[in-house]
There are 2 protein chains.
Amino acid sequence: MDTLETRELRYFTAVAEELHFGRAAERLGMAQPPLSRAIQQLERRLGVRLLERNRRGVRLTGAGQVLLHEGRAALDAATAAARRTRRAGGADGAGGPRDRLVLAVKAAASHELLQKLLAAYAAEPGAAEVEVLPSGMCEEEEMLRDGRADVALMHTPYNSLAGFDSEELLTEGQIAILPAGHPLAARTALTTAEVGDIPGLPPARWPRKGTYPPGPGPEIHDQTQLAQLIALGRTMAVFPDSARAWLWSEHAAVPLTDAPPVVTHIAWPAHSHSLALAGLIRTATRL
Amino acid sequence: MDTLETRELRYFTAVAEELHFGRAAERLGMAQPPLSRAIQQLERRLGVRLLERNRRGVRLTGAGQVLLHEGRAALDAATAAARRTRRAGGADGAGGPRDRLVLAVKAAASHELLQKLLAAYAAEPGAAEVEVLPSGMCEEEEMLRDGRADVALMHTPYNSLAGFDSEELLTEGQIAILPAGHPLAARTALTTAEVGDIPGLPPARWPRKGTYPPGPGPEIHDQTQLAQLIALGRTMAVFPDSARAWLWSEHAAVPLTDAPPVVTHIAWPAHSHSLALAGLIRTATRL
DNA sequence: GTCGGTGATACCTGCCCGGTATGACAGGGC
DNA sequence: GCCCTGTCATACCGGGCAGGTATCACCGAC
């Protein structure tokens with residue numbers, strides 16, 4: 001009566017994202033008519049109009065926008081439940097509920113911190129096995145929400161900590177990474193305004209949620225590619241100070257005086273309370 | 001394949017909570033055999049043993065404990081999606097997604113603050129309609145999670161803010177509320193140790209999640225009942241300072257010197273971003 | 001031993017989910 | 001004006017699966 005079926009949420013989010021019954025049905029691997037009917041039934045069940053069917057395509061109503069957001073959260077929670085339960089499969093009730101942890105971390109970030117953390121935690125008595133899951137540029141939050149990860153290293157202001165518990169680990173400044181030969185590479189300091197629009201050296205762009213922000217710079221897929229393009233003098237990028245660890249000799253790092261500091265946090269879903277996770281967090285805050 | 005159906009979650013949580021297939025089936029309004037089969041299918045689908053069936057009852061495995069927690073969260077999210085969508089029913093996409101807010105607040109707490117907040121917000125241009133939902137002693141968190149409320153007034157350390165966004169509104173000390181005639185009522189200050197075990201005046205107990213903590217004091221259902229029992233000299237209670245607003249003449253309030261301060265927050269689900277909610281929060285922080 | 005209470009199995013039925021075929025309707029091109 | 005295209009809705013049908021009833025297998029209590 002008052003709880004939605006996962007199937008209904010899957011169907012609705014597909015239609016709401018595609019704004020097109022045919023494409024949504026294809027994405028769901030089914031035919032269009034039953035999908036139309038399912039959405040109608042959902043609207044009748046909720047007593048609310050979710051979609052505005054105009055002659056050309058579909059538009060979300062206010063209620064539809066709400067359901068899209070809330071439904072995504074609910075679907076994430078449901079898949080998280082499945083993933084975390086599967087992962088807990090081996091462990092029987094003896095100790096804590098879970099004895100294996102998946103830690104999501106940006107491939108290019110916090111390498112030293114991560115090494116120290118893993119080493120220190122592994123030395124703890126009764127430490128769980130930690131699987132390090134390299135994540136894309138900013139998908140740690142999604143990974144925690146949908147259960148692909150149990151805990152993550154996040155970096156404000158790039159990541160948002162909303163909805164998670166977290167502990168602060170490290171604060172660092174930011175640097176501009178430039179080709180070593182570039183005139184600005186000789187400077188001892190720069191401002192964000194100065195590096196934001198260097199003629200002939202557009203800042204690199206990387207995807208957020210699958211789409212690239214607009215701009216002239218090249219589209220980056222991974223950190224090696226970025227390093228190469230900077231070395232070739234084709235682009236530049238702004239990173240936390242710890243990125244110096246992976247710079248090449250063809251790179252130059254110049255501190256940005258007015259960039260906001262980057263704070264590394266360890267973050268986890270607010271409702272989780274496994275012993276293994278608590279141990280990892282304790283270790284992290286003691287570093 | 002990797003996302004659980006709400007039906008499966010409903011069934012499993014029922015069994016996991018009852019630890020008894022028959023009672024769980026009755027609670028679900030169905031017969032026991034299909035429930036048994038559904039759980040078996042769920043276990044097969046996840047490839048994980050969830051329940052340890054002994055002769056004489058059922059026990060949760062580690063994976064089962066994980067699924068109980070994660071599943072409750074997922075079910076809450078699903079019912080929240082339904083509730084909030086229904087509530088957004090009237091409003092069409094024009095302005096913000098929602099133009100009606102449900103505010104959960106303990107019946108006995110923060111009365112002045114609440115009045116000021118409602119008055120100030122109602123004076124705002126374009127203010128949404130705010131429905132005040134009186135909540136039980138500590139169920140604000142659950143109400144936010146399952147969508148009965150959109151925003152809540154919470155009081156640390158009684159409430160936990162884990163998983164929500166929040167803003168601090170007010171900090172206050174705590175007082176012991178005693179019968180006016182009691183010897184200790186004449187004191188100008190007390191400690192938690194002193195009031196914790198007054199002979200003949202056991203502290204009142206109220207339910208957390210439906211069950212009462214153990215102890216000698218009377219079980220309280222609402223605030224009026226508590227006031228009455230204190231006035232009759234049968235019990236005492238500890239409350240934030242603002243509780244003075246509803247004291248009777250038969251009551252005495254004595255400050256507790258070493259009790260942790262109570263901080264009132266306005267809190268909301270981290271992922272929500274309606275215009276109406278943002279306005280209410282802005283108003284609250286400006287009080 | 002028998003009996004009571006547990007969860008599992010066997011079998012059947014009806015619903016509902018999904019597929020195919022088709023309709024209604026609005027634009028766009030010529 | 002016409003038809004053609006693309007869209008979502010409707011009509012109808014078949015099969016899978018959820019759920020009910022009856023029963024079994026097992027164990028503990030007395």
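Any value given below was found using the heavy atoms of this structure, including those in side chains, with hydrogens, waters and symmetry copies removed. Letters A, B, ... are given to chains in the order of the sequence lines, protein chains preceding strands, and every chain is numbered from 1.
A:Ala270 and B:Ala162 make their closest contact through CB-C, 3.5 Å (heavy atoms, listed as atom of the first residue, atom of the second, distance). A pairwise comparison of heavy atoms in A:Pro269 and A:Phe164 identifies CA-CD2, 4.0 Å as the closest pair.
The OH atom of B:Tyr11 sits 17 Å away from the C1' atom of C:dG7 (whole-angstrom rounding). Spacing between atom CD of A:Glu52 and atom P of D:dC8 amounts to 14 Å, rounded to whole angstrom units. Regarding A:Arg10, its CZ atom lies at a distance of 13 Å from the C1' atom of C:dG18, rounded to whole Å. When rounded to the nearest whole Å, the span between CD1 of A:Ile39 and P of D:dC8 equals 11 Å. Nucleotide C:dG7 holds its P atom 14 Å from the CZ atom of B:Phe12, rounded to whole Å. Atom CD in A:Glu8 sits about 13 Å away from atom P in C:dC16, given to the nearest Å.
Inspection of the A:Thr61 and A:Glu52 side chains reveals no N or O donor paired with an N or O acceptor under 3.5 Å.
Distances shown here put every side-chain N or O of A:Gln32 at or beyond 4.0 Å from the OP1 or OP2 atom of C:dT20. Proximity of A:Arg53 to the phosphate of D:dT7: no side-chain N or O atom is located under 4.0 Å from OP1 or OP2. At D:dG6, none of the side-chain N or O atoms of A:His20 fall inside 4.0 Å of OP1 or OP2 (strictly under the cut-off). Proximity of A:Arg37 to the phosphate of C:dG19: no side-chain N or O atom is located under 4.0 Å from OP1 or OP2. Contact annotation: A:Ser36 side-chain N/O to D:dC8 OP1/OP2 distance is not under 4.0 Å.
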Query raised in the report: Going through the checks in order, is the side chain to side chain contact (heavy atoms under 4.5 Å, CB included) test met by A:Leu51 and A:Phe21?
Result: CA-CA 11 Å; A:Leu51 298 168; A:Phe21 280 80; 3.8 Å; yes

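No engagement by A:Glu5 is indicated, since no non-hydrogen atom pair under 4.0 Å with the nucleic acid exists.
Nearest nucleotide to the A:Gln40 side chain, out of D:dG20, D:dT10, C:dG19: D:dT10. Among the nucleotides C:dG18, C:dT20, C:dA10, the one closest to the side chain of A:Ala31 is C:dT20. Listed nucleotides D:dA9, C:dG19, C:dC11 differ in distance to A:Phe21; the shortest reach to its side chain belongs to D:dA9. Closest to the A:Met30 side chain, of the nucleotides D:dA18, C:dG19, C:dT9, is C:dG19.
Under 4.0 Å is where a charged nitrogen must lie from a carboxylate oxygen, and between B:Arg7 and A:Glu5 no such pair does.
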